[in-house]
Amino acid sequence: MSESQRWDDVDDYFTTHLARDDEALAAALRDSEAAELPPVSVTAPQGKLLQLLAQIQGARTILEIGTLGGYSTIWLARALPADGRLISLEYNPRHAEVATRNIARAGLDKLVEVRVGPALESLPELADENPAPFDLVFIDADKNNNPHYVEWALKLTSVGSLIVVDNVVRGGRVADTDSTAPDIQGTRTAIELIGKHPRLSGTAIQTVGSKGYDGFALARVLA
């Protein structure tokens, strides 16, 4: 058995017993595939982790940067109370259209708003609305802009909020100090920003699974 096959088998086992997709989640993946969206949604165990983190936070407001087909959005939104709010920012109008249908089918359209456009334009517009601080921010968009997304997350959160940055290991390439790839440079800058910022306490975890070798960063907002 290959190493990647073993990872897939373990993910399948965890999914079966701990994070089984229901019809709304399965349909979100099917529709995303049918629409030829990139196959980069979080896995079911990762989605369940996001949901648990939001529940542990007691989150009432969530900001997601990078919607894709709405699969992670559904996991996150299910952690919210009936009067909660999730705003998801998506660059690609076609992706946003698929996600909006998936979210509505899951019965979460009253809690979730998908905003279309470059996140670095949507974020200042959102800040101008002076929203209540977000309890959790999930960053899963273009990796070269990760440092900017972390900085905006800080502006839109308060003490005790949680920031989650996905895909920070990049197959191990994040440790390559000589890399000039924009995704690596952006990810390294974001990690170093979290490490040195006086208002953040963070860590990063390496993972293996159906998405291969990757990982995520967690940061808590301090006073």
Side-chain angles (χ1 to χ4, degrees), residues 11 14-15 18-35 37-57 59-80 84-92 94-109 111-116 119 122-123 134-143 145-146 149-150 152-153 156-157 161-169 187 190 204-205 207 209-212 214-219:
D11 252 7
F14 287 155
T15 298
L18 300 173
R20 186 186 296 274
D21 282 346
D22 56 23
E23 178 52 32
L25 287 164
L29 291 178
R30 286 198 305 269
D31 282 10
S32 296
E33 182 179 6
L37 271 59
V40 294
S41 296
V42 300
T43 64
Q46 290 167 345
K48 184 66 176 289
L49 174 63
L50 290 172
Q51 185 182 88
L52 287 169
L53 289 172
Q55 290 170 332
I56 291 166
Q57 277 292 101
R60 303 182 66 85
T61 54
I62 296 173
L63 173 63
E64 179 181 50
I65 303 175
T67 317
L68 195 60
Y71 184 75
S72 59
T73 319
I74 293 170
W75 278 109
L76 284 165
R78 286 179 170 176
L80 289 171
R85 185 188 190 201
L86 189 156
I87 295 177
S88 190
L89 309 180
E90 173 53 47
Y91 173 79
N92 190 304
R94 187 158 168 268
H95 296 180
E97 182 181 350
V98 173
T100 299
R101 289 199 305 269
N102 288 334
I103 291 162
R105 181 173 47 220
L108 297 166
D109 46 313
L111 295 175
V112 177
E113 178 187 358
V114 178
R115 299 190 179 188
V116 183
S122 300
L123 286 162
F134 289 95
D135 301 310
L136 186 148
V137 179
F138 178 47
I139 299 171
D140 190 13
D142 52 315
K143 310 309 174 186
N145 279 317
N146 272 343
Y149 297 147
V150 171
W152 272 107
L156 292 165
T157 53
S161 295
L162 183 66
I163 300 169
V164 183
V165 187
D166 202 8
N167 307 129
V168 299
V169 173
T187 300
I205 299 294
T207 62
S210 297
K211 297 283 291 291
D214 212 328
F216 58 91
L218 289 170

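All values below were derived from every heavy atom in this structure, side-chain atoms included, with hydrogens, water molecules and symmetry-related copies excluded.
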| field | Donor-acceptor contact present, side-chain Asp109 to main-chain Ile103, <3.5 Å | value | no
| query | Given side chains that start at C-beta, do those of Gln46 and Asp214 come closer than 4.5 Å, heavy atoms only? | reply | no
| query | What closest approach, in Å, do Asn146 and Ala190 show between heavy atoms, and which atom pair accounts for it? | reply | CB-CB, 3.7 Å
| task | Compare every heavy atom of Ile62 with every heavy atom of Ala54, then report the nearest pair and how far apart it is. | result | CB-CD1, 4.0 Å
| Do Asp140 side-chain atoms and Gly66 backbone N/O form a donor-acceptor pair below 3.5 Å? | no
| message | Quick check: closest heavy atoms across Ala24 and Ile74, and the distance to 0.1 Å? | response | O-CD1, 4.3 Å
| How about Tyr149 and Val137: do any of their side-chain heavy atoms sit closer than 4.5 Å? | no
| message | Checking Asn145 against Ile65 for the side chain to side chain contact (heavy atoms under 4.5 Å, CB included) test, could you report, in this order, the C-alpha distance in whole Å, the side-chain angles of both residues, the deciding distance, and whether it holds? | response | CA-CA 11 Å; Asn145 279 317; Ile65 303 175; over 6 Å; no
| message | So if I apply the side-chain contact (heavy atoms from CB on, under 4.5 Å) rule between Leu29 and each of Asp21, Asn102, Leu37, which one comes out positive? | response | Asp21
| message | I need the Leu136 CG to Leu218 CG distance, nearest 0.5 Å. | response | 9.0 Å
| field | Heavy-atom check, side chain of Trp75 versus side chain of Leu49, under 4.5 Å | value | no
| message | I want to check something: taking the side chain as every heavy atom from C-beta on, are Pro45 and Asp11 in contact at a cut-off of under 4.5 Å? | response | yes
| task | May I ask you to decide if Ala96's main-chain N or O and Glu90's side chain share a donor-acceptor pair within less than 3.5 Å? | result | no
| Residue from Asp166, Asn167, Ile163 passing side-chain contact (heavy atoms from CB on, under 4.5 Å) with Ile139 | Ile163
| task | Drop me the distance from Leu89's CG to Glu113's CD, to the nearest 0.5 angstrom. | result | 9.0 Å
| Minimum heavy-atom distance between Ala99 and Gly70, given as atom pair plus value | CB-N, 3.7 Å
| message | I need the Arg115 CZ to Leu123 CG distance, nearest 0.5 Å. | response | 10.0 Å
| N/O donor-acceptor pair under 3.5 Å between Arg94 side chain and Ala35 backbone | yes
| note | Taken to the nearest 0.5 Å, the spacing of Leu162 CG from Gln57 CD works out to 5.0 Å
| Do side-chain atoms of Thr187 reach the backbone of Val168 as a donor and acceptor pair under 3.5 angstrom? | no
| task | Could you tell me the separation between the NE2 atom of His95 and the OG atom of Ser32, rounded to the nearest 0.5 Å? | result | 9.0 Å
| task | Applying side-chain contact (heavy atoms from CB on, under 4.5 Å) between Leu86 and each of Leu111, Thr61, Leu80, report the one that passes. | result | Leu80
| request: Return yes if some donor-acceptor pair links the side-chain N/O of Gln55 with the main-chain N/O of Ala79 below 3.5 Å, else return no. | output: no
| request: Locate the shortest heavy-atom distance separating Pro38 from Leu68; write the atom from each residue and the value. | output: O-CD2, 3.7 Å
| Rounded distance [0.5 Å steps], CG in Leu76 versus CZ in Phe138 | 7.0 Å
| request: Kindly determine whether Leu25 and Arg78 satisfy side chain to side chain contact (heavy atoms under 4.5 Å, CB included), including the steps that lead there. | output: CA-CA 11 Å; Leu25 287 164; Arg78 286 179 170 176; 3.5 Å; yes
| message | Using only atom types and a distance under 3.5 Å, with no angle test, would you say the side chain of Lys48 pairs donor to acceptor with the backbone of Leu18? | response | yes
| 4.5 Å side-chain heavy-atom contact, Trp152 and Leu63 | no
